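In what follows, chains are A, B, ... by sequence order, proteins preceding strands, each numbered from 1. Everything numeric in this text was worked out from a predicted model, so none of it was measured.
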Amino acid sequence: MSKELIRLVNCRMDFDGETVLDSINIYFNDSEFLTLLGPSGCGKTTTLRIIGGFLQPTSGDVFFDGVRINDVPPHKRRVNTVFQKYALFPHLNVYENIAFGLRIAKVPNKEIDERVTEMLEIVSLRGFEKRKPDQLSGGQQQRVAIARALVNRPKVLLLDEPLGALDLRLRKDMQNELKRIQQQLGITFIYVTHDQEEALAMSDTVVVMDKGRIQQIGTPEDIYNEPKNAFVADFIGESNILDGIMRADYVVEIFGRKFRCLDRGFEPNEPVDVVIRPEDVDIVPADSGHLCGTVTSVTFKGVHYDTIVDFKGFKWLIQTTDLHRPGEYIGIKLTPNDIHVMKKSAYSGMFGDYSSYSAEYDEINDPDAVIGGEETVEEALNNEE
Amino acid sequence: MKSKALASPYILWMVIFTIVPLAVVAYYAFTNSAGEFTLENLANAATYWPTFLRSVGYAIAACVICLIMGYPVAYVIAQTGASAQRILYLLVMLPMCMSFLLRTLAWVALLRDTGLINTFLGFFGVGPLPLIRNAGSVIMGMVYNYLPYMIMPLYTVIVKLDPRLIEAAQDLGCDSVQTFRRVILPLSLPGIVSGITMVFVPAVSTFYISQKLGSTSDVLIGDIVERQFKSAQNPYLGAAMSLLLMVIVFISIGLMNKFTGDEEVTTI
Ligand SMILES: Nc1ncnc2c1ncn2[C@@H]1O[C@H](COP(=O)(O)OP(=O)(O)OP(=O)(O)O)[C@@H](O)[C@H]1O
Ligand SMILES: [Mg+2]
């Protein structure tokens, strides 16, 4: 389970002098389900293409089973890819598309037939064998692309947003199916998505990327519960990200009030980002709350209400199952478990406020404690690296 | 109704430039000088079958050579950068801006016994080599003249080839030869078919090239047709030959399309 299979060391990719990937260091374990997660344009596909052998990193090394493979061409790598845009062969029908890799590998016809038929079953495309790719819907094409790669039983499967074109229902089915196949065949999956829910649900390890850099690597729980910076906290799930000051180990000050927390190891009085997840906050009557504010809007979301509460101008998102009407004055309670403290980073101040007016945001910032000017941000950035 | 009205100019166009000439050819082919219906012209035309055969043979040879020479050229052009691509494409087209007759005459000047090449070789005591007035020089003349018609459609198809398909093939284990055979070649098949058609049709009916670059035993059907309309003053036989030639062309193209159509399914 934990044998290392692929490693990227200090990979950097430049296109026309523009750095698209920078200091990428990841290792991929055998039989692991690893997801690259990040917003559009952050370099996910580029990372996959480096692993697949379609791009050579501008600098840095790629290792497979301990051997440097920078110069190994794609057809000699024991890796198959489900391409983001499917790239099905338009001159071949569904059956021959799926059989393609097996025919190249000179697998006997009888076995080809068995394996292709089995794959068609798995991706629910029985009866579509004779269709050409342009006679299929986007979702069907996507499933052919998955089958075409998977049928080769590669050591590593690279999947570039393989479920992007599917509707929610089919997406969920395929997620389960892919996860099942991955576990059953013990294939290493390197999975790209920008859907955080999908990433959390399917992965053993999640790699969060932004702007060509890795922001955090961890288990889904780590990433969700212990985000390293404001970007990760905001990108994974909903977050209220507040400015705070670490007064001592296990004590953080927010809105001028000290709260007990589970974090330590900060400088005394170090400015920090504090993450509070909307679902962790308990709403209580105003007189018994740690902080009090006014409900400004409520949206029904099915399972819960998205309740926006104004605390001295800073708007929080709180998810509750009880309805609180706009205008209601309420209090909230926070336990140490609900509070997660992060070091300041380049992303500090960019996310987390649910108000529509940035003017309100300035109002609540305590000028002494929080806004440290350029230096603090840069310091924080250095600390990150 | 509306679409019919819009199409009418094109229909008129087709009637004037396609149907009418065909009708005229057919009329002459089936009448004699007295204006009576006859099959004699066709029967006479058929006696020229060795010439028909030679024309088809030379045209096939020219097609094959054009394909072998044209494919790499088209491929290279399609792979170069955008600006170089335009220049290379223009260079391929450039000879077509010059008169076909002039270019053929230029080859005569190059190849004949007292021509440029043999004169040059003469300085070294070689030759003169029989570079002209044989089957080879006729086919070469065809290749030279019709090569751009092969390159154009090939280029058009290859340049549109999705590079991701090539990556997909590599990903699935193809080396460069397999990638070419299993993906690039089948996908350029439409270009190959139209390239062959565009070379074969003018080559099989050509007349000037064989007169200038060939010997008397290289007479092609086009030459004989031309002769009927000019010196022999027998447009009836000429028309019958043209009609027969047209049938041959249609059959050839039909055969090729059927062949390549099947090919597509059975490639792998
Ligand atoms: N061949 C290329 N030439 C120049 N720039 C490129 C090239 N390929 C990618 N880029 C740039 O690299 C950056 C990362 O691209 P990449 O395709 O890896 O993003 P991504 O994370 O896969 O995004 P998405 O989720 O939209 O697919 C983008 O800014 C893109 O414009
Ligand atoms: Mg991408």
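- Between the side chain of B/S137 and the main chain of B/L213, a donor-acceptor pair closer than 3.5 Å is present.
- The main-chain N or O of A/E32 is never found under 3.5 Å from a side-chain atom of A/N29 such that the two would form a donor-acceptor pair.
- The contact between A/L88 and chain B is made entirely by backbone atoms, counting heavy-atom distances below 4.5 Å.
- Side-chain N or O atoms of B/R103 include one that pairs as donor or acceptor with a backbone N or O of B/M98 at under 3.5 Å.
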_Step-by-step side chain to side chain donor-acceptor pair (under 3.5 Å) determination, B/Y149 to B/T197_ = CA-CA 9 Å; B/Y149 296 108; B/T197 310; over 6 Å; no
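- Looking at heavy atoms from C-beta onward, A/E4 lies out of side-chain contact with A/D30 at the 4.5 angstrom threshold.
- In this structure, chain B has a heavy atom under 4.5 Å from the side chain of A/N152, while its backbone stays farther away.
- Here the side chains of A/L125 and A/R131 are not in contact, with every heavy-atom distance at 4.5 Å or above.
- Residues from residues 47-74 of chain A that place a non-hydrogen atom less than 4.5 Å from a non-hydrogen atom of chain B comprise A/R49, A/F54, A/P74, given in numerical order.
- For chain B, no part of A/K76 is nearby; none of its heavy atoms comes within less than 4.5 Å.
- Taking the six-membered ring for Trp and thresholds of 30 and 60 degrees, B/F180 and B/Y75 have ring planes more than 60 degrees apart, a perpendicular arrangement.
- Interface remark: of the candidates A/T81, A/V79, A/L102, A/T81 forms the most heavy-atom pairs closer than 4.5 Å to chain B.
- When heavy atoms are compared at a cutoff of 4.5 Å, B/E167 approaches chain A by way of both its backbone and its side chain.
- For A/F28 and A/F33, the ring centers sit 6.0 Å or farther from each other.
- For B/S55, there are no side-chain hydrogen bond (donor to acceptor under 3.5 Å, both in side chains) partners, not counting sequence neighbours.
- Atom OH of A/Y27 sits in a sparse spot, with 12 or fewer heavy atoms from other residues, nucleotides or ligands closer than 6.0 Å.
- Highest contact tally toward chain A, considering only B/T179, B/V183, B/D162, is held by B/V183 [criterion: heavy-atom pairs under 4.5 Å].
- Both the backbone and the side chain of A/F89 come within less than 4.5 Å of a heavy atom in chain B.
- Looking at B/D171, both its backbone and its side chain come within 4.5 Å of chain A, counting heavy atoms on both sides.
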